[in-house]
Engineer: 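Here it is: the structure, laid out below.
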2 protein chains.
Amino acid sequence: MQTQIATASTSSASVKTSSRKQRELAKRETLILDTAQRILHERGYSHLTMDRIAEATEYSKGTIYNHFSSKEDLVCSLCCRSVSTLIDMFTRSAEYKGSSRERFSAIGIGYTLYHQVHPMTAQNIQIIKVNAVREKISDEKLNEMESLEQRITQIAIGVVNEAIACGDLAEEINPMASSIVFGVWSMYFGALMLERSDIPLEDLGFSPSIQLLWLNTQKFLDGYHWLPLSSDTDNEALFNKITSDLYANEIEILNNRNK
Amino acid sequence: MQTQIATASTSSASVKTSSRKQRELAKRETLILDTAQRILHERGYSHLTMDRIAEATEYSKGTIYNHFSSKEDLVCSLCCRSVSTLIDMFTRSAEYKGSSRERFSAIGIGYTLYHQVHPMTAQNIQIIKVNAVREKISDEKLNEMESLEQRITQIAIGVVNEAIACGDLAEEINPMASSIVFGVWSMYFGALMLERSDIPLEDLGFSPSIQLLWLNTQKFLDGYHWLPLSSDTDNEALFNKITSDLYANEIEILNNRNK
DNA sequence: CAATAATATGACGATGCGTCAAAAAATGTC
DNA sequence: GACATTTTTTGACGCATCGTCATATTATTG
């Protein structure tokens with residue numbers, strides 16, 4: 001008899017027993033995910049195999065498959081973890097003390113920095129966006145991911161709406177907030193995908209993308225007349241302020257890494 | 001003895017014979033690529049196998065491998081073909097009669113329409129940007145792709161430089177042209193990747209992306225003060241003018257398809 | 001037309017996925 | 001605690017697909 005490990009308990013057995021089991025299961029799932037992440041880090045995606053994960057975790061392949069319906073499902077779970085972390089980051093940024101525009105910009109910086117610190121995440125997200133890969137991910141996991149993406153999107157949309165509410169931004173077209181969010185999201189995501197895949201962007205004449213993204217975001221927001229305009233702002237100072245106020249950790253990590 | 005099929009003849013044999021062979025080889029390569037494209041279209045990427053291609057082309061697997069070092073190499077070749085077509089399209093757009101900004105916008109529309117007409121291409125490009133896939137593509141093919149990407153980028157950069165030259169755009173920062181091109185490229189590419197992978201963008205509250213991309217491009221260019229600003233322009237009329245002047249074919253195809 | 005070189009073929013080994021019958025462990029019953 | 005029943009784990013297995021390479025076939029040359 002094959003078993004399905006449900007995340008949410010539906011059994012009516014003793015609560016005590018069930019929750020202990022639940023905890024053990026959750027712990028094992030974390031172990032598997034951590035192990036997969038480690039393999040990914042050390043060997044790369046093409047060397048991530050279910051057998052290897054089984055061996056490294058000291059569980060059998062069947063047990064791994066009790067947690068994840070496929071390798072792709074597992075990678076999607078890794079992405080869900082990452083997006084959850086990003087949601088926390090976005091939430092912090094959205095509550096930043098500055099102007100609405102500064103808060104929105106802060107989210108963008110956070111997104112870039114997160115992916116600089118965790119390049120693997122960008123890889124994984126890229127992979128699970130491929131249709132041929134998606135086919136193999138369970139519906140549950142896809143739904144989970146979609147729901148996380150909705151949450152993260154809503155955070156950004158919320159900031160835009162605050163800007164409209166307080167008059168920093170005029171709502172000239174109908175779904176203003178989602179247009180803007182889609183614009184920057186696609187810009188950041190695209191930059192990530194182009195930079196990922198060690199494509200020689202520099203050979204094409206492009207400089208490191210953090211600065212470029214920052215600049216282009218400012219121009220984009222200027223285009224929407226989101227006040228205060230970048231021409232009335234010391235952009236470099238603002239960038240530095242946001243990073244040191246919100247992302248000191250990330251900057252620290254990146255600096256140490258470059259040593 | 002294994003053989004390599006070289007695109008450029010290096011043998012000193014009779015020119016006549018060599019070129020006939022060359023032609024036949026090229027023809028076969030086209031057949032293989034066409035067949036792969038057909039399979040991709042009919043069955044999807046996960047059903048594209050070398051055995052299937054061999055069977056469908058009525059050549060043996062070994063022969064297919066004489067043309068392409070791996071399945072991924074073959075898909076990369078398909079992408080190269082697509083980008084070549086796009087280069088032609090971009091060239092046409094760049095020579096459009098309108099203002100510099102209109103020409104630049106036209107390139108953007110062309111890019112979107114091309115991928116609407118050929119959704120497979122976006123898929124393929126997405127796939128070959130994944131590192132784990134790139135590993136399996138031959139260096140030659142990767143170089144070919146890079147060179148094509150350089151050419152296509154240069155077309156867009158050329159238009160920006162013309163705008164600077166004729167005063168439509170002020171060069172306020174150092175590598176102005178590449179910043180702008182990187183901005184829109186990442187925006188379009190990101191939108192493509194997000195839309196690709198039948199992710200329910202609409203569930204996230206986003207409308208169809210052509211209009212959104214058009215709008216966001218205009219805002220972005222406004223932010224850079226690329227004249228004439230969209231506030232001084234009838235944007236809808238401009239969009240329609242460009243599409244009917246340059247992309248009547250593509251629109252035709254899309255309209256027929258939606259019937 | 002025979003000798004030699006170039007090309008094509010498909011059987012083969014290797015890898016990795018996902019399954020499932022059987023073994024082991026846990027739980028329940030008296 | 002012993003036995004029955006359910007749950008969980010295990011890893012050998014079947015299958016698909018990749019890429020190779022010894023052999024067969026075809027083309028070229030003398």
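All chains are named by letter (A, B, ...) in the order of the sequence lines, taking the proteins before the strands, and each is independently numbered beginning at 1. Predicted model, so just to flag it, every value in this text is computed and none were measured.
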Engineer: Could you tell me if A:Tyr188 and A:Thr217 have a donor-acceptor pair between their side chains, going purely by distance under 3.5 Å?
Structural biologist: yes
Engineer: Does D:dT8 have OP1 or OP2 under 4.0 Å away from a side-chain N or O of A:Asn66?
Structural biologist: no
Engineer: Please determine whether a side-chain nitrogen or oxygen atom of A:Ser60 lies at a distance below 4.0 Å from atom OP1 or OP2 of D:dG11.
Structural biologist: no
Engineer: Quick check: are there more than 12 heavy atoms from other residues, nucleotides or ligands sitting under 6.0 Å from CD of A:Glu55?
Structural biologist: no
Engineer: Tell me the interatomic distance from B:Ile137, atom CD1, to D:dG19, atom C1', rounded to whole angstroms.
Structural biologist: 16 Å
Engineer: Could you state the atom-to-atom distance from CD of A:Glu24 to C1' of D:dT9 in whole Å?
Structural biologist: 14 Å
Engineer: Can you pull out every ring pair (Phe, Tyr, Trp, His ring centres under 6.0 Å) where at least one residue sits in residues 19-56 of chain B? Sequence neighbours excluded, please.
Structural biologist: none
Engineer: Given D:dT9, is OP1 or OP2 found less than 4.0 Å from the side-chain N or O atoms of A:Arg28?
Structural biologist: yes
Engineer: In whole angstrom, what separates A:Glu55's CD from C:dG16's P?
Structural biologist: 12 Å
Engineer: What is the separation between atom CD1 on A:Ile32 and atom P on D:dT9, rounded to the nearest whole Å?
Structural biologist: 10 Å
Engineer: Please give, in whole Å, the distance from C:dA8 C1' to B:Glu58 CD?
Structural biologist: 14 Å
Engineer: Please report the distance, rounded to the nearest Å, between OH in B:Tyr59 and P in D:dT26.
Structural biologist: 13 Å
Engineer: Take atom CD1 of A:Ile64 and atom C1' of C:dG16, then tell me their distance rounded to the nearest Å.
Structural biologist: 15 Å
Engineer: Taking B:Lys141 as the fixed residue, which of B:Ser77, B:Ser69, B:Ser70 is the one that meets the side chain to side chain donor-acceptor pair (under 3.5 Å) rule?
Structural biologist: B:Ser77
Engineer: Evaluate the criterion side chain to side chain contact (heavy atoms under 4.5 Å, CB included) for residue pair A:Arg81 and A:Gln37; output intermediate values, then yes/no.
Structural biologist: CA-CA 11 Å; A:Arg81 288 214 302 196; A:Gln37 196 154 39; 2.9 Å; yes
Engineer: If we count only N and O atoms by modelled type, under 3.5 Å, do the side chains of A:Ser82 and A:Thr85 hold a donor and an acceptor together?
Structural biologist: no
Engineer: To the nearest Å, give me how far apart CD (A:Glu135) and C1' (C:dC17) are.
Structural biologist: 15 Å
Engineer: The test is side chain to side chain contact (heavy atoms under 4.5 Å, CB included); show your working for A:Ile155 and A:Arg151 and say whether it passes.
Structural biologist: CA-CA 7 Å; A:Ile155 298 172; A:Arg151 280 178 56 199; 5.7 Å; no
Engineer: Can you pull every protein N or O that's under 3.5 Å from an N or O on nucleotides 14-18 of chain D?
Structural biologist:
residue, atom, partner, partner atom, Å
D:dC18, OP1, B:Met50, N, 3.4
D:dC18, OP2, B:Met50, N, 3.2

